[in-house]
Colleague: 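What follows is a structure written as structure tokens; I'll ask about it next.
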There are 2 protein chains.
Amino acid sequence: MNATAKRAGLTREKVLGAALELVDRDGIEKLSMRRLGAELGVEAMTLYHYVPHKAALLDGLVEQVVSAVRPDFDGSADEWPARLREFAVAFRDELLRHPGVIPLVATRPARSATALLAVEDAAAALGEAGIGPVQALRIVNAVSTLVIGHCLAEAATTPGHPEQPGDDLDLTAFPTLAAAVAGGLGSPADHQARFDLALDALLTGLQA
Amino acid sequence: MNATAKRAGLTREKVLGAALELVDRDGIEKLSMRRLGAELGVEAMTLYHYVPHKAALLDGLVEQVVSAVRPDFDGSADEWPARLREFAVAFRDELLRHPGVIPLVATRPARSATALLAVEDAAAALGEAGIGPVQALRIVNAVSTLVIGHCLAEAATTPGHPEQPGDDLDLTAFPTLAAAVAGGLGSPADHQARFDLALDALLTGLQA
DNA sequence: CTTGACTTTCTTACACCGTAAGGACAGAGT
DNA sequence: ACTCTGTCCTTACGGTGTAAGAAAGTCAAG
């Protein structure tokens with residue numbers, strides 16, 4: 001009978017979803033309990049019924065993003081470099097879809113079940129190629145770390161700065177650097193190229 | 001004549017130095033303008049005469065840390081992989097010496113003159129080996145990114161969490177993972193091994 | 001010495017943050 | 001009808017970064 005229901009009918013999932021939406025739209029620094037509450041038509045303290053503290057909320061953001069990339073490690077055992085490559089590319093795509101979350105992914109280790117499952121799958125696939133469990137996880141870790149590091153540099157949120165004055169640096173003292181910038185360094189295409197270079201090199205070097 | 005001088009005689013360098021000390025001792029989340037002021041025997045607002053805003057203070061921390069690693073790229077032109085390796089190891093050592101600053105280094109690009117100079121030197125050295133400026137900078141970037149990524153994972157501060165409950169995860173559903181943990185994964189020695197594995201693989205793969 | 005300009009420091013204040021404590025109210029089970 | 005449980009709000013506390021301006025120290029010129 002009430003047009004405006006007194007109960008908002010929240011769930012942990014709705015809260016996390018709204019948080020991710022807010023971060024994607026306005027950036028992490030705008031994510032506060034009060035603002036998120038307002039987004040959901042609710043007071044700040046209400047959120048504490050679905051999340052124990054803000055840190056858990058941030059963990060939830062990480063969980064959402066890393067869970068969205070579901071790698072597939074089926075196929076013949078000797079194709080693991082190609083599979084790892086696919087995983088890396090998918091992971092990067094997902095991270096770049098949520099730039100505000102990247103620093104969180106980089107900072108807090110994902111311990112959720114789905115994240116562990118993905119790691120387990122990858123390691124098991126490497127195991128079938130005759131690689132021991134410790135080495136397999138090191139390899140998976142190296143690839144993940146590379147992806148995160150590159151996305152971090154690419155999305156460079158640099159929170160707190162009022163403005164980002166483009167490229168007003170004086171490069172006259174750095175000829176090689178200047179030449180590289182003139183050659184297209186820093187462009188979006190260059191980010192892709194940097195990532196591909198590093199990923200290919202890592203995978204190539206890993207086969208030994 | 002005054003035992004306690006009314007003027008503290010601060011400088012930007014002293015402020016930055018005290019900030020780094022505070023972060024090394026207590027972690028970033030404890031770095032506030034008021035606390036840093038107290039550390040220097042001064043009110044919070046006084047600091048704003050040496051630093052325009054807190055973001056600049058954080059930039060200063062990054063600058064201090066990255067400036068401390070001064071790579072040497074002299075030597076014959078074909079030794080660049082070994083030089084890059086030395087740089088990577090020195091960079092990592094310096095970062096691990098200041099764990100609280102690692103997330104800052106990962107987030108805000110170092111645009112200081114000394115940082116640019118180091119990059120310039122490295123790129124120039126690669127240039128003597130017949131590598132073009134764009135490719136040279138991509139290589140330097142790949143190595144730096146790898147170092148930052150690995151240090152980020154290794155120092156994993158995970159700010160905000162009350163406690164870090166060790167390894168109480170239930171790994172029974174993840175046999176490969178469990179086997180790897182039993183095999184020593186996660187130990188300090190393993191971090192070193194992970195870094196070495198990734199760095200060697202990257203450098204090997206980069207020679208092509 | 002006095003004066004006045006300058007730099008450095010402090011005081012006060014504001015808006016915002018995370019969250020502890022407890023009260024108001026709805027719907028379900030007895 | 002009555003309590004119970006879960007949802008939501010109100011109030012409050014101590015913390016944050018920082019804007020505005022008053023006060024006090026320093027130093028050179030008159």
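Order of the sequence lines fixes the chain letters, A, B, ..., with proteins taken first and strands second; residue numbering starts at 1 for each chain. All figures in this text were calculated on a predicted structure; none of them were measured in a lab.
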Colleague: To the nearest angstrom, how far is A/Ile28 atom CD1 from C/dC16 atom P?
Modeller: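 From A/Ile28 CD1 to C/dC16 P: 20 Å.
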
Colleague: Under 30°, 30 to 60°, or over 60°: which ring-plane class applies to A/Phe73 and A/Phe87, parallel, tilted or perpendicular?
Modeller: tilted

Colleague: With 3.5 Å as the limit, what N/O pairs link the protein to nucleotides 20-22 of chain C?
Modeller:
none

Colleague: Could you tell me whether B/Gly9 contacts a base, only the sugar-phosphate backbone, or nothing, with contacts defined as non-hydrogen atoms closer than 4.0 Å?
Modeller: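 Sugar-phosphate, no base atom in range.
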
Colleague: Residues from residues 14-25 of chain A sitting under 4.0 Å of DNA chain C, heavy atoms only?
Modeller: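 Under 4.0 Å from DNA chain C: no residue of residues 14-25 of chain A.
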
Colleague: Check this for me: does the side-chain of B/Arg34 come within 3.5 Å of the base of D/dG15 through a donor and an acceptor?
Modeller: no

Colleague: With a 4.0 Å limit, can you tell me whether A/Arg35 has a side-chain N or O closer than that to the phosphate oxygens OP1/OP2 of C/dC17?
Modeller: yes

Colleague: Once you round it to whole Å, what is the distance between P of C/dT19 and CE of A/Met33?
Modeller: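 Atom CE in A/Met33 sits about 6 Å away from atom P in C/dT19.
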
Colleague: Determine the minimum heavy-atom distance between B/Ala88 and B/Val143, stating which atoms define it.
Modeller: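 Scanning both residues completely, I find the closest heavy atoms to be CB-CG1, 3.8 Å.
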
Colleague: As an exercise, state the distance from CG of B/Leu95 to NE2 of B/His98, rounded to the nearest 0.5 Å.
Modeller: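 NE2 of B/His98 is found 8.5 Å from CG of B/Leu95.
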
Colleague: Knowing that exactly one of A/Asn141, A/Val140, A/Leu146, A/Val147 qualifies, which makes a side chain to side chain contact (heavy atoms under 4.5 Å, CB included) with A/Ser144?
Modeller: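 Going through the options one by one, the only one that passes is A/Val140.
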
Colleague: Could you tell me the separation between the CZ atom of A/Arg12 and the P atom of D/dG6, rounded to a whole number of Å?
Modeller: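 Between P of D/dG6 and CZ of A/Arg12: 18 Å.
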
Colleague: Please give, in whole Å, the distance from D/dG17 P to B/His53 NE2?
Modeller: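 Distance, rounded to whole Å: 13 Å.
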
Colleague: Apply salt bridge (Lys or Arg N to Asp or Glu O under 4.0 Å) to B/Arg35 and list each qualifying residue two or more places apart in sequence or on a separate chain.
Modeller: none

Colleague: Which one, C/dG18, D/dG17, D/dC9, comes nearest to the side chain of A/Val42?
Modeller: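 So the side chain of A/Val42 is nearest to D/dC9.
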
Colleague: Answer with yes or no whether the side chains of A/Glu154 and A/His150 bring together a donor and an acceptor at under 3.5 Å.
Modeller: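 Result is no, nothing qualifies.
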
Colleague: Rounded to whole angstroms, how far apart are CD on B/Glu43 and P on D/dT18?
Modeller: 16 Å

Colleague: What is the distance, to the nearest angstrom, from the NZ atom on B/Lys30 to the P atom on D/dG15?
Modeller: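 Rounded to the whole Å, the gap is 10 Å.
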
Colleague: Whole angstrom is fine here: how far is it from CG in B/Leu10 over to P in C/dT7?
Modeller: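 Answer to the nearest Å: 16 Å.
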
Colleague: Output yes when at least one side-chain N/O atom of A/Thr46 is less than 4.0 Å from OP1 or OP2 of D/dC9, else no.
Modeller: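 Yes.
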
Colleague: For A/Leu36, run the side chain to side chain contact (heavy atoms under 4.5 Å, CB included) check against A/Val51, A/Val23, A/Leu31 and tell me which one passes.
Modeller: A/Leu31

Colleague: So, taking the atom named NE2 in A/His53 and the one named CG in A/Asp59, what distance separates them when rounded to the nearest 0.5 Å?
Modeller: 7.0 Å

Colleague: Is any side-chain N or O of A/Tyr50 closer than 4.0 Å to OP1 or OP2 of D/dG6?
Modeller: no

Colleague: Rounded to whole angstrom units, what separation is found between the CG atom of A/Leu47 and the P atom of D/dG6?
Modeller: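 Taking CG of A/Leu47 and P of D/dG6, I get 19 Å after rounding.
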
Colleague: Do you know which of B/Arg111, B/Arg108, B/Arg12 makes salt bridge (Lys or Arg N to Asp or Glu O under 4.0 Å) with B/Glu63?
Modeller: B/Arg12

